[in-house]
*Asks:* 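Pasting a structure here, questions to come.
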Amino acid sequence: QVQLIESGGGLVQAGGSLRLSCAASGGTFSTYVMGWFRQAPGKAREFVASITQSGGNKYYANVVKGRFTTSRDNAKNTVYLQMNSLKPEDTAAYYCAADFRPLASYDASKHASPSIYDYWGQGTQVTVSS
């Protein structure tokens, strides 16, 4: 069983920064493509970023590109989302997700869809004030 535990959310002013962490247990973390999504009340879950098993390739939604950076430390079984220059529009619950298929072929388009992911974190709230 794979479990993903998120942390790092909070309340920040516009222009501020937060770093989210997602720690995984179970399975073999280094073989999983990981993704980040967010969801605001009344809205659909929205793709934020994805990262390959080794961390060599990354893909970002246009609305966060240049402001957010995802990375991973496979020795710590943890994936990160560094969020800079935060805007009120970034306010949402943020979720990490794992494609549990070992050594799955990375496809930026496919891994921008929630349906490809098998395990999800509990979510961490990010609120950006204006």
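The first residue in the sequence is number 1, and the count goes up from there. Atoms considered below: every heavy atom in the structure, side chains included; atoms not considered: hydrogens, waters and symmetry mates.
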*Asks:* Going from CG on N74 to OG1 on T31, what distance comes out if it is rounded to the nearest 0.5 angstrom?
*Replies:* 9.0 Å

*Asks:* Please say yes or no: joined through hydrophobic side-chain contacts below 4.5 Å, possibly via intermediate residues, are Y94 and V63 part of one cluster?
*Replies:* yes

*Asks:* So do the side chains of S30 and Q53 get within less than 4.5 Å of each other, counting heavy atoms only?
*Replies:* no

*Asks:* Nearest 0.5 Å, what's the CZ-OG distance between F37 and S113?
*Replies:*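 Taking CZ in F37 and OG in S113, the distance rounds to 6.5 Å.
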
*Asks:* Might you point out which heavy atoms bring T124 and S7 nearest each other, and give the distance in Å?
*Replies:* OG1-C, 4.3 Å

*Asks:* Taking the six-membered ring for Trp, are Y59 and F47 ring centroids under 6.0 Å apart?
*Replies:*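 Yes, close enough.
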
*Asks:* How close do H111 and S105 get, heavy atom to heavy atom, and via which atoms?
*Replies:*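 Shortest heavy-atom contact: CE1-O, 3.5 Å.
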
*Asks:* Would you compute the distance between atom CZ of R72 and atom OG of S21 and round it to the nearest 0.5 angstrom?
*Replies:* 13.5 Å

*Asks:* Closest heavy-atom contact between A92 and A40?
*Replies:* CB-N, 3.9 Å

*Asks:* Using the side-chain contact (heavy atoms from CB on, under 4.5 Å) rule, take R19 and L81 through it: C-alpha gap first, then chi angles, then the decisive distance, then the call.
*Replies:* CA-CA 6 Å; R19 188 176 77 159; L81 184 68; over 6 Å; no

*Asks:* Given 3.5 Å as the limit, does a donor-acceptor pair link the side chain of T52 with the main chain of N57, or not?
*Replies:* yes

*Asks:* Would you please test M34 and Y117 for side-chain contact (heavy atoms from CB on, under 4.5 Å) and show each step?
*Replies:* CA-CA 8 Å; M34 299 294 295; Y117 295 94; 5.8 Å; no

*Asks:* Show the nearest heavy-atom pair for residues L4 and A98, with the distance to one decimal.
*Replies:*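 What the structure gives for the nearest pair is CD1-N, 3.9 Å.
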
*Asks:* Do you reckon Y119 sits in the same ILVMFWY cluster as I51, going by side-chain contacts under 4.5 Å, direct or chained?
*Replies:* yes

*Asks:* Under a 4.0 Å threshold between the charged nitrogen and the carboxylate oxygen, would D99 count as salt-bridged to K110?
*Replies:*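 So K110 does not pair with D99 through a salt bridge.
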
*Asks:* Yes or no on side-chain contact (heavy atoms from CB on, under 4.5 Å) for T91 and Q125, after CA distance, side-chain angles and deciding distance?
*Replies:* CA-CA 8 Å; T91 296; Q125 180 67 36; 4.0 Å; yes

*Asks:* Are V126 and W120 linked, directly or through other ILVMFWY residues, by side chains that come within less than 4.5 angstrom of each other?
*Replies:* no

*Asks:* Walk me through whether K58 and T69 qualify under side-chain contact (heavy atoms from CB on, under 4.5 Å).
*Replies:* CA-CA 9 Å; K58 307 168 186 178; T69 303; 4.3 Å; yes

*Asks:* Is there a continuous path of hydrophobic side-chain contacts, each under 4.5 Å between heavy atoms, that joins Y32 to V48?
*Replies:* yes

*Asks:* Indicate yes or no: at least one non-hydrogen side-chain atom of R38 is less than 4.5 angstrom from one of D90.
*Replies:*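 R38 reaches D90 side chain to side chain.
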
*Asks:* Let me confirm one number: the OG1-CG distance from T127 to L18, rounded to the nearest 0.5 Å.
*Replies:*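 Taking OG1 in T127 and CG in L18, the distance rounds to 9.5 Å.
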
*Asks:* Going from OG on S130 to NZ on K87, what distance comes out if it is rounded to the nearest 0.5 angstrom?
*Replies:* 14.0 Å

*Asks:* Donor-acceptor check, side chain of E6 to backbone of G123, threshold 3.5 angstrom: yes or no?
*Replies:*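 Looks like yes, one N/O pair under 3.5 Å.
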
*Asks:* Flag yes if F29 and W36 sit in one hydrophobic cluster, no otherwise; membership is Ile, Leu, Val, Met, Phe, Trp, Tyr, and two members link when side-chain heavy atoms are under 4.5 Å apart.
*Replies:*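 Same cluster: F29 reaches W36 through Ile, Leu, Val, Met, Phe, Trp or Tyr contacts under 4.5 Å.
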
*Asks:* Let me confirm one number: the CG-CZ distance from L20 to F68, rounded to the nearest 0.5 Å.
*Replies:*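 Separation between the atoms: 8.0 Å.
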
*Asks:* Looking only at non-hydrogen atoms, find the nearest pair between A49 and T70 and report the distance.
*Replies:*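 Closest approach of A49 to T70, heavy atoms only: CB-CG2, 4.1 Å.
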
